[in-house]
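Below, read A as the first sequence line, B as the second, and so on, with proteins coming before strands; counting in each chain starts at 1. For the numbers below, each heavy atom of this structure counts, side chains included, while hydrogens, waters and symmetry mates do not.
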Protein chains: 2
Amino acid sequence: MTAQPLHLSLAGQTVDLVRELVLTGEIPPGERVNEVELASRLGISRGPLREAIRHLASEGLLVLVPNRGAHVPKADADEVRALFELRIALECAAASLAAQRRTGAELARLREVSAESRANYQAGRRFPHRLDLAFHQALLDAARSPRIAEQVRLVQQRVILLRSRLNTDSAHQFASMDDHDELIAAVAAADAALAGAVMRRHLDRVRDQLLGEIAPS
Amino acid sequence: MTAQPLHLSLAGQTVDLVRELVLTGEIPPGERVNEVELASRLGISRGPLREAIRHLASEGLLVLVPNRGAHVPKADADEVRALFELRIALECAAASLAAQRRTGAELARLREVSAESRANYQAGRRFPHRLDLAFHQALLDAARSPRIAEQVRLVQQRVILLRSRLNTDSAHQFASMDDHDELIAAVAAADAALAGAVMRRHLDRVRDQLLGEIAPS
DNA sequence: TGACTGATAACTGTCGACAGTTGACAATAT
DNA sequence: ATATTGTCAACTGTCGACAGTTATCAGTCA
């Protein structure tokens with residue numbers, strides 16, 4: 001009953017499992033990860049767990065300290081700024097590419113996500129984070145740049161880690177939806193420069209919002 | 001004689017070691033990596049080697065296939081284009097940031113590298129790849145964006161892997177040095193938009209050069 | 001002669017155990 | 001009472017061995 005790589009290797013499954021533990025805050029920032037304890041809790045050996053930990057460390061979701069194991073990083077304002085410089089570089093490029101390459105179907109998908117967001121919001125519910133991610137994902141699909149998409153996914157994970165237990169206020173949500181619609185307009189007009197500029201303004205706003213919630217805590 | 005984490009863990013050393021094997025072409029593209037053989041050749045156990053392999057895979061220097069191990073990826077033209085879309089996004093952003101943030105010392109360093117390149121070239125020697133890397137590194141330092149710098153390093157590695165045994169013709173080298181000097185001018189003038197644009201043109205050229213050398217092989 | 005099928009060898013995936021290091025606690029001296 | 005030092009427990013780093021999977025090759029049948 002040792003190996004069962006029926007569909008996905010044990011180490012591969014463990015990566016997703018531990019990733020979820022980190023992103024949901026079940027392993028809170030600053031907390032050290034005990035290999036033997038977590039391994040027995042997951043019912044696996046330390047080998048695959050170690051591989052999973054190393055992998056998540058390469059994604060930036062864990063920090064490795066020699067002989068002292070891994071822990072979830074807790075970010076300060078400087079880290080937020082540095083991370084958003086990377087995110088802005090990637091997503092602005094993606095927005096420009098999307099404006100140049102998008103097909104009609106991809107444009108329709110963007111409008112679909114936007115419409116669902118506004119419907120949700122006007123029905124009194126909040127703007128779910130799920131739909132925000134869906135929008136950025138749809139834009140990434142339209143950009144059709146697999147290497148950029150890869151990196152954006154990794155950066156988005158780290159951003160999620162930052163905002164894991166932060167509540168977003170509704171004024172900012174409204175502004176975000178407006179940004180999204182402006183982006184759709186730029187992409188529809190095939191205006192690469194404008195799409196990049198709008199994305200930049202959007203992410204600047206999101207970053208400042210995050211900074212405002214982190215600093216005075 | 002099992003563990004000797006005197007300064008760097010065995011797995012950490014192995015990462016650098018295998019990275020060198022891949023980048024120098026000692027393990028050529030397409031070649032499969034045999035864990036037991038390589039482990040015994042390095043005089044270590046399979047555990048640390050596996051961790052090193054996984055790490056390099058996360059850097060894009062190896063590709064993992066379930067139950068079939070790892071191999072060095074060999075890139076086609078599409079992969080070159082996709083990779084350069086990422087590189088352009090990152091390095092253009094870095095160039096713009098460098099134009100905004102550079103100090104006098106950082107500017108002097110850029111000019112120093114450029115001067116050394118031209119001296120080397122005019123002395124009849126070729127434009128060493130080492131100096132090209134040094135220039136991009138100096139620009140990255142001037143940008144002072146640690147997260148972007150991290151990713152640029154990883155992308156540059158993958159580019160090195162592509163051009164591992166390609167000879168660069170001297171006309172292109174001359175053009176590259178001109179691009180570099182234009183970049184310095186833009187950075188010196190603190191013109192972020194121009195710096196980004198020049199970098200984009202530079203990398204477009206480098207990409208096309210690479211594509212020209214790969215296609216007819 | 002060619003295609004199919006079963007055995008076999010090579011390799012990856014996983015596990016349990018040992019060795020080395022680190023931080024904390026307690027005992028002692030000042 | 002405080003600082004110092006020796007001991008120890010907990011944890012990470014590493015190893016060798018076993019289990020499962022995949023690809024190759026020989027043998028058989030049409």
Can you check nucleotides 10-12 of chain D for protein contacts, nitrogen or oxygen pairs under 3.5 Å, and list what you find?
residue	atom	partner	partner atom	Å
dC11(D)	OP1	Asn34(A)	ND2	2.9
dC11(D)	O5'	Asn34(A)	ND2	3.0
dT12(D)	OP1	Val33(A)	O	3.0
dT12(D)	OP2	Glu35(A)	N	3.2

Leu107(B) side, atom CG; Arg109(B) side, atom CZ - distance, nearest 0.5 Å: 12.5 Å

Glu51(A) CD - dT14(D) C1' separation (whole Å): 14 Å

Any side-chain heavy-atom pair of Val72(B) and Val63(B) under 4.5 Å: no

Atom of Ala143(A), atom of Ala94(A) and distance for their closest heavy-atom approach: CB-O, 3.3 Å

Length of the line joining Ile44(A):CD1 and dA19(D):P, which is rounded to integer Å: 20 Å

Glu59(B) vs His55(B), side chain to side chain donor-acceptor pair (under 3.5 Å): CA-CA, chis, key distance, verdict: CA-CA 7 Å; Glu59(B) 290 187 4; His55(B) 185 82; 3.2 Å; yes

Residue pair Arg201(A), Asp204(A): steps toward the salt bridge (charged side-chain N to carboxylate O under 4.0 Å, His left out) verdict: CA-CA 5 Å; Arg201(A) 190 161 49 74; Asp204(A) 278 341; over 6 Å; no

List, one per line, each side-chain donor-acceptor pair under 3.5 Å for residues 28-41 of chain A, sequence neighbours excluded.
residue	atom	partner	partner atom	Å
Arg32(A)	NE	Arg68(A)	O	3.2
Arg32(A)	NH2	Arg68(A)	O	3.2
Asn34(A)	OD1	Val36(A)	N	3.1
Asn34(A)	OD1	Glu37(A)	N	3.2
Glu35(A)	OE1	Arg46(A)	NE	3.2
Glu35(A)	OE1	Arg46(A)	NH2	2.9
Glu35(A)	OE1	Arg50(A)	NH1	3.4
Glu35(A)	OE2	Arg50(A)	NH1	3.2
Ser40(A)	OG	Val36(A)	O	3.4
Ser40(A)	OG	Glu37(A)	O	2.9

Helical bend (five base pairs per end, nearest 10°) for the helix from dT1(C)-dA30(D) to dT30(C)-dA1(D): 0°

Check: Asp179(A) and Leu203(A) side chains under 4.5 Å, non-hydrogen atoms: no

Worked verdict on Gln137(A) versus Asp141(A) for side chain to side chain donor-acceptor pair (under 3.5 Å): CA-CA 6 Å; Gln137(A) 183 58 48; Asp141(A) 291 340; 3.1 Å; yes

